[in-house]
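Structure, as structure tokens:
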Amino acid sequence: MRKALAEVSVSRETDPLDGPGGAAERARPRSTGTVYGTPRRPESYDEGAALDETPAARGSGTAAVPAPLAGERTGAVPTQPSGAVSRETDLDDDDLPLAMEARRAVQILNPSGAALIPRPAHRRIMCIANQKGGVGKTTTAVNIAVALALHGSRVMVIDLDPQGNASTGLSVEHHAGLNSIYDCLTDGLPLAEAAQTVEGIPNLLCVPATIDLAGAEIEMVSVVARESRLKRAIAAYQEPLDYVFIDCPPSLGLLTVNALVAAEEVLIPIQCEYYALEGLGQLLRNVELVKAHLNPSVWISTILLTMYDGRTKLADQVAQEVREHFGDVVLDAVIPRSVRVSEAPGYGQSVLTYDPGSRGSTSYFDAAKQLAERGAAAGGKA
């Protein structure tokens with residue numbers, strides 16, 4: 001407004017006929033505002049290019065009408081100048097981050113029921129063990145089991161940790177008084193009577209753990225063949241199963257030994273930090289002892305890197321050392337640090353059902369798919 005007023009004042013000083021109430025001012029058309037006259041064109045403005053100076057217009061005595069600019073539609077909002085990128089028209093909707101996340105979510109949740117993950121030729125019993133706590137054993141057991149169950153595999157999760165975190169993550173009741181894995185180990189209760197169906201995932205069963213399991217090791221000291229109690233319970237389960245995942249406690253006690261004797265394969269989650277490597281040697285020695293004396297068929301089939309933080313060099317160093325030492329046993333999929341993975345148990349869900357499009361969900365899905373494909377390629381033995 002001040003600029004327009006200044007222009008008007010300049011024109012009045014240079015034009016003596018355009019004083020207050022002058023003829024030039026009265027003849028000039030009024031604008032809709034308080035300033036008289038039309039604004040001046042910039043000096044670089046090309047009158048010939050902007051005005052429609054056809055002979056009919058010049059001879060008619062009517063005012064010249066500005067011609068539309070390039071790329072402008074008459075009577076409509078001007079479009080963007082030539083060379084500008086329109087987000088609405090030039091970007092493919094499928095390339096937007098939200099669309100990509102939605103596609104990942106649909107693939108993981110698999111509402112169509114299509115089996116994108118192959119099923120094994122026979123039942124695979126996997127023990128998920130690491131005597132170090134907080135490396136992602138329970139999280140790995142829950143999420144890989146859910147990923148396989150969502151794609152048609154029949155899966156059972158046995159919660160062998162007295163803390164009962166796997167039961168919590170699958171929203172399965174595990175309070176005192178319920179049939180649990182404790183009853184199967186100490187009283188010989190069949191697994192079928194303790195197993196519960198996971199809500200929303202019909203192909204997934206969970207045998208919960210109660211606080212009574214904390215005293216199971218002491219109670220089984222005098223039991224004959226105490227190391228093979230879990231193996232006999234699994235062998236007696238007659239319903240068809242593709243996978244049995246045994247979530248072990250963070251120790252190398254009698255419960256973990258039962259899991260190693262019952263299992264054919266060992267899956268070791270390794271946190272990408274130095275302390276996780278320091279205790280790995282003892283676990284490997286225990287597996288070799290069990291293999292030599294109690295279960296000749298058990299072997300370390302899978303190692304999964306968890307809690308990977310790509311911002312640190314330490315995570316890269318740990319991952320490189322593990323891959324150099326164990327070779328093809330290490331899965332290509334790496335589980336990153338993710339808030340969504342940590343939030344999901346608070347809602348009684350796996351990360352695949354809590355936030356199926358997240359990085360953590362995609363990583364666990366990739367890990368489950370690779371684990372299944374390795375087993376299928378090896379005829380059931382990854």
Side-chain angles (χ1 to χ4, degrees), residues 108 117 120 123-151 153-172 174 180-181 191 194-198 201 203-209 213 230 234 241-251 255-256 258-260 262-271 276 283 298 300-307 331 333-335 338 341-342 344-346 348-354 360-361 363-372 375 382:
I108 290 172
I117 298 180
R123 181 187 297 182
R124 296 177 66 182
I125 305 174
M126 304 191 70
C127 162
I128 302 177
N130 194 329
Q131 81 275 16
K132 186 182 184 303
V135 298
K137 293 186 298 296
T138 299
T139 304
T140 297
V142 168
N143 288 291
I144 288 184
V146 170
L148 294 170
L150 287 173
H151 289 267
S153 296
R154 296 159 297 190
V155 185
M156 174 183 285
V157 175
I158 298 178
D159 191 355
L160 208 61
D161 188 349
Q163 298 178 81
N165 290 336
S167 306
T168 301
L170 294 173
S171 193
V172 171
H174 57 101
S180 66
I181 192 62
L191 281 179
Q196 300 181 34
T197 302
V198 177
I201 308 177
N203 293 324
L204 182 58
L205 298 172
C206 177
V207 181
L213 190 60
L230 181 59
I234 295 175
L241 287 174
D242 296 314
Y243 294 92
V244 176
F245 291 104
I246 307 171
D247 181 32
C248 294
S251 68
L255 291 176
T256 302
N258 260 268
L260 292 173
E264 299 172 352
E265 306 175 45
V266 180
L267 190 159
I268 304 177
I270 298 180
Q271 183 181 6
L283 174 61
V298 68
I300 299 173
S301 65
T302 309
I303 291 178
L304 178 64
L305 297 171
T306 62
M307 301 182 187
L331 293 180
V334 176
I335 310 302
S338 171
V341 174
S342 302
Q349 299 184 49
S350 67
V351 70
L352 287 92
T353 54
Y354 175 68
S361 176
S363 299
Y364 269 116
F365 175 78
D366 292 339
K369 186 176 180 181
Q370 187 176 3
L371 183 147

> What distance separates Leu213 CG from Ile181 CD1, expressed to the nearest 0.5 Å?
Replying inline: 7.5 Å
> For Val146 and Leu170, what are the C-alpha separation, side-chain angles and deciding distance, and is it a side chain to side chain contact (heavy atoms under 4.5 Å, CB included)?
Replying inline: CA-CA 9 Å; Val146 170; Leu170 294 173; 3.9 Å; yes
> With distance as the sole test, does Lys132 use its side chain to make a donor-acceptor pair with the main-chain N or O of Ile270 at under 3.5 Å?
Replying inline: no
> Looking only at heavy atoms, what is the nearest atom pair of Leu204 and Ala149, with distance?
Replying inline: CB-CB, 3.9 Å
>> For a side chain to side chain contact (heavy atoms under 4.5 Å, CB included) check, start with the C-alpha distance between Ile234 and Ile246, then their side-chain angles and the critical distance, and finish with the verdict.
In response: CA-CA 11 Å; Ile234 295 175; Ile246 307 171; 4.0 Å; yes
> Where is the tightest heavy-atom contact between Ala141 and Val157, given as atom of each residue plus distance?
Replying inline: O-CG2, 4.4 Å
>> Just so I know, are the side chains of Leu255 and Pro162 near enough to count as touching, which here means a heavy-atom distance under 4.5 Å?
In response: yes
> Residues in ring-ring contact (aromatic ring centres under 6.0 Å, His included) with His174, at least two apart?
Replying inline: none
> So which heavy atom on Met307 is nearest to which on Gly136, and how close?
Replying inline: CE-N, 4.0 Å
>> Working to the nearest 0.5 angstrom, can you tell me the gap between Tyr243 OH and Ile144 CD1?
In response: 10.0 Å
> Got a donor-acceptor contact below 3.5 angstrom from the Thr256 side chain to the Ser251 backbone?
Replying inline: yes
> Are any side-chain N or O atoms of Asp159 and backbone N or O atoms of Ser167, one a donor and one an acceptor, separated by less than 3.5 Å?
Replying inline: yes
>> Using modelled atom types and a 3.5 Å cut-off, is there a donor and acceptor pairing between side-chain atoms of Thr306 and backbone atoms of Val135?
In response: yes
> Where do Gln196 and Pro208 come nearest, in terms of heavy atoms and distance?
Replying inline: NE2-CG, 3.6 Å
> Looking only at heavy atoms, which two atoms of Cys127 and Ala263 are closest? And how far apart?
Replying inline: CB-CB, 3.6 Å
>> Nearest 0.5 angstrom please: Leu267 CG to Leu331 CG, how far?
In response: 7.0 Å
> Between Asp242 (side chain) and Arg154 (backbone), is there a donor-acceptor pair under 3.5 Å?
Replying inline: yes
> Could you give the distance from CG (Asp247) to OG1 (Thr140), rounded to the nearest 0.5 Å?
Replying inline: 9.0 Å
>> Nearest 0.5 angstrom please: Leu304 CG to Leu371 CG, how far?
In response: 9.0 Å
> Between Asn143 and Val351, is there a donor-acceptor pair closer than 3.5 Å when you use the side chain of the first and the backbone of the second?
Replying inline: yes
> Within the side chain of Lys137, is there an N or O that forms a donor-acceptor pair under 3.5 Å with the backbone of Asn130?
Replying inline: yes
> Going through the distances and angles, do Leu205 and Thr197 end up as a side chain to side chain contact (heavy atoms under 4.5 Å, CB included)?
Replying inline: CA-CA 5 Å; Leu205 298 172; Thr197 302; 3.6 Å; yes
> Are side-chain heavy atoms of Phe365 and Ile117 found at a separation under 4.5 Å?
Replying inline: yes
> Looking only at heavy atoms, what is the nearest atom pair of Val341 and Gly360, with distance?
Replying inline: CG2-CA, 3.8 Å
> What distance separates Ile125 CD1 from Glu264 CD, expressed to the nearest 0.5 Å?
Replying inline: 5.0 Å
> Got a sec, which residues hit side-chain contact (heavy atoms from CB on, under 4.5 Å) with Val298, two or more places apart in sequence or on another chain?
Replying inline: Val266, Val290, Lys291, Asn295
